[in-house]
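Written below as structure tokens is the structure these notes are about.
All figures in this text were calculated on a predicted structure; none of them were measured in a lab. In listed order, ligands and their atoms are each counted from 1.
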Amino acid sequence: MPELRKDPIIGRWVIIATERAKRPDQFAPPDQGPQEGECPFCFGNEKHTPPEILTFPYVTADKKKADWQVRVIPSIKPMLRIEGDLDRRGQGIYDMMNGIGAHEIVIETPQHINNIADLSLEQIDNVLNVYTHRIADLGKDKRFKYVLLFKNHGWAAGGGRIKHSRSQLIATPANPKRVKEELAGAKHYFDYRERCIFCDLMKQELESKERLIIDIDNFIAIVPFASRFPFEIWILPKQHSCDFVSLSDSARKDLAKIFKIVLLKLKIGLHDPPFNYIIHTAPFRRVKGTYWKTIEDDYHWHIEIMPRLTRVAGFEWGTGFYICPLPPESAAKFLREVNIENG
Ligand SMILES: [Zn+2]
Ligand SMILES: [Zn+2]
Ligand SMILES: [Zn+2]
């Protein structure tokens, strides 16, 4: 019997379609896309990309670029533009504003390495450090309400032709709908119970262990109860915090560790599948005390990882219901058992 499951945070239903269930090892990644060309992201090819916004280690502009470990550049084809005013306006019932925002590429290594899972722990920590720096810096721009940090890995996940590990961030002048749904769900739960829904969810997952992949240091990785996709994974800090950018140096090192383990399990267990990940953190809060009155207590930042092994089709588009052909419990068990020792 298929099962309908409801996500406790945003109330989205998914169908766990056991009738169409496949075994975890039957999900083959889709084709790898076209041949890759010369890589503009490798060390030595900096002249093929726009001048950097930042390099890590954080060096001044007049220093040689030879030292960079992580490099952030503006996107060559930005979805939103950094210059100008928002100019909010209406046309009858329609609202619009200028396409102001920031779109940056975080080049995660000077070497031609495709999967972030293959970077050293130290390098993954550097990447996370750069993420927090860029989000905090863009937060100073009053025009922006949110920064979404995301990765497209592999052709089927929108990763493009060049196989060089990188992620992107887009700062937006409006809060994204998906984020607002989560914020509203978390606030609603908090209004009722005066507790954080993510903290409660973690407590329950740590007790049942059915969907737990790993519990290490100050983080856990789980397959969510109402997974949209096979092998969907959430990583959550055990210590309550609504802001990813407030991560301490030691917590960030712990995060690098669990992140590497989880991404290696995906890579080894599922033969380097295409995937996306996103970081969900609290929006910038310019006005204290009103709209976001309880956000520090009710929201909890996290990372969502979505392997792209199935396609979203008509039913999903029409309903917002997702069909997941693998029970989350089977996915978690499979991932728990993937041995990454030789990764
Ligand atoms: Zn490269
Ligand atoms: Zn919490
Ligand atoms: Zn989320």
Side-chain angles (χ1 to χ4, degrees), residues 7-12 14 35-49 68-71 73 105-116 118-119 123 146-151 153 159-167 175-206 218-229 232-244 246-247 251 276-283 294-306 322:
D7 177 276
I9 300 150
I10 66 169
R12 174 185 48 223
V14 300
Q35 200 71 43
E36 71 177 318
E38 209 209 327
C39 180
F41 304 117
C42 276
F43 173 73
N45 289 351
E46 292 82 1
K47 60 183 180 300
H48 298 304
T49 59
W68 71 267
Q69 292 297 315
V70 183
R71 185 166 178 260
I73 56 169
I105 311 292
V106 180
I107 305 165
E108 295 167 342
T109 165
Q111 293 163 282
H112 197 66
I113 295 173
N114 184 25
N115 194 322
I116 186 172
D118 293 326
L119 302 183
Q123 184 64 7
Y146 200 78
V147 173
L148 185 79
L149 199 307
F150 63 99
K151 177 188 279 284
H153 173 80
R161 220 156 38 85
I162 309 288
K163 294 174 177 169
H164 189 128
S165 187
R166 63 195 181 279
S167 34
N175 273 313
K177 184 171 166 3
R178 271 277 284 120
V179 175
K180 273 162 83 174
E181 283 173 358
E182 263 186 21
L183 292 169
K187 186 172 187 311
H188 181 71
Y189 187 90
F190 187 85
D191 287 346
Y192 239 137
R193 297 184 165 93
E194 292 187 34
R195 294 196 307 266
C196 163
I197 188 166
F198 294 91
C199 285
D200 279 8
L201 182 151
M202 267 193 291
K203 193 163 163 263
Q204 190 168 328
E205 294 296 343
L206 280 167
N218 287 306
F219 289 87
I220 69 166
I222 58 164
V223 177
F225 171 76
S227 292
R228 287 160 289 178
F229 310 103
E232 180 174 347
I233 299 168
W234 292 0
I235 296 176
L236 299 122
K238 282 196 213 167
Q239 200 145 40
H240 177 84
S241 162
C242 73
D243 267 320
F244 170 71
S246 65
L247 208 58
N276 302 104
Y277 66 66
I278 50 133
I279 298 177
H280 269 160
T281 182
T294 61
I295 194 167
E296 273 163 30
D297 299 314
D298 69 45
Y299 192 64
H300 195 122
W301 75 263
H302 55 275
I303 299 176
E304 301 182 14
I305 306 170
M306 289 143 296
Y322 284 81

Restricting to N, O or S, what is the name of the atom of His280 that lies nearest the Zn ion (ligand 3)?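 Answer by atom name: ND1.
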Could you pull out the atom name of the N/O/S atom in Glu304 that is nearest the Zn ion (ligand 3)? OE2
For the residue pair Glu108 / Ser165, report whether a side-chain donor-acceptor contact shorter than 3.5 Å exists. yes
Measure the shortest side-chain to side-chain distance between [X] and [Y] over non-hydrogen atoms and say whether it is less than 4.5 angstrom.
X      : Y      : answer
Thr49  : Arg71  : yes
Arg228 : Glu304 : yes
Glu36  : His164 : no
Tyr299 : Thr281 : no
Pro40  : Ile162 : yes

Of all N, O or S atoms in His112, identify the one at the shortest distance from the Zn ion (ligand 1).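 For His112, the N/O/S atom sitting closest to the Zn ion (ligand 1) is ND1.
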So which N/O/S atom does His164 have closest to the Zn ion (ligand 1)? ND1
Going by side chain to side chain contact (heavy atoms under 4.5 Å, CB included), Lys151 matches just one of Ile116, Asn276, Val106. Which one?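 Filter result, single survivor: Ile116.
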Hey, what's the angle at the Zn ion (ligand 3) spanning NE2 (His302) and OE2 (Glu182), nearest 10 degrees? 120°
By residue and atom, what protein N/O/S atoms are less than 2.8 Å from the Zn ion (ligand 2)?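 Short answer, with waters excluded from the count: Cys196 SG, Cys199 SG, His240 ND1, His300 ND1.
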Can you tell me if His112 has over 12 outside heavy atoms packed within less than 6.0 Å of its NE2? yes
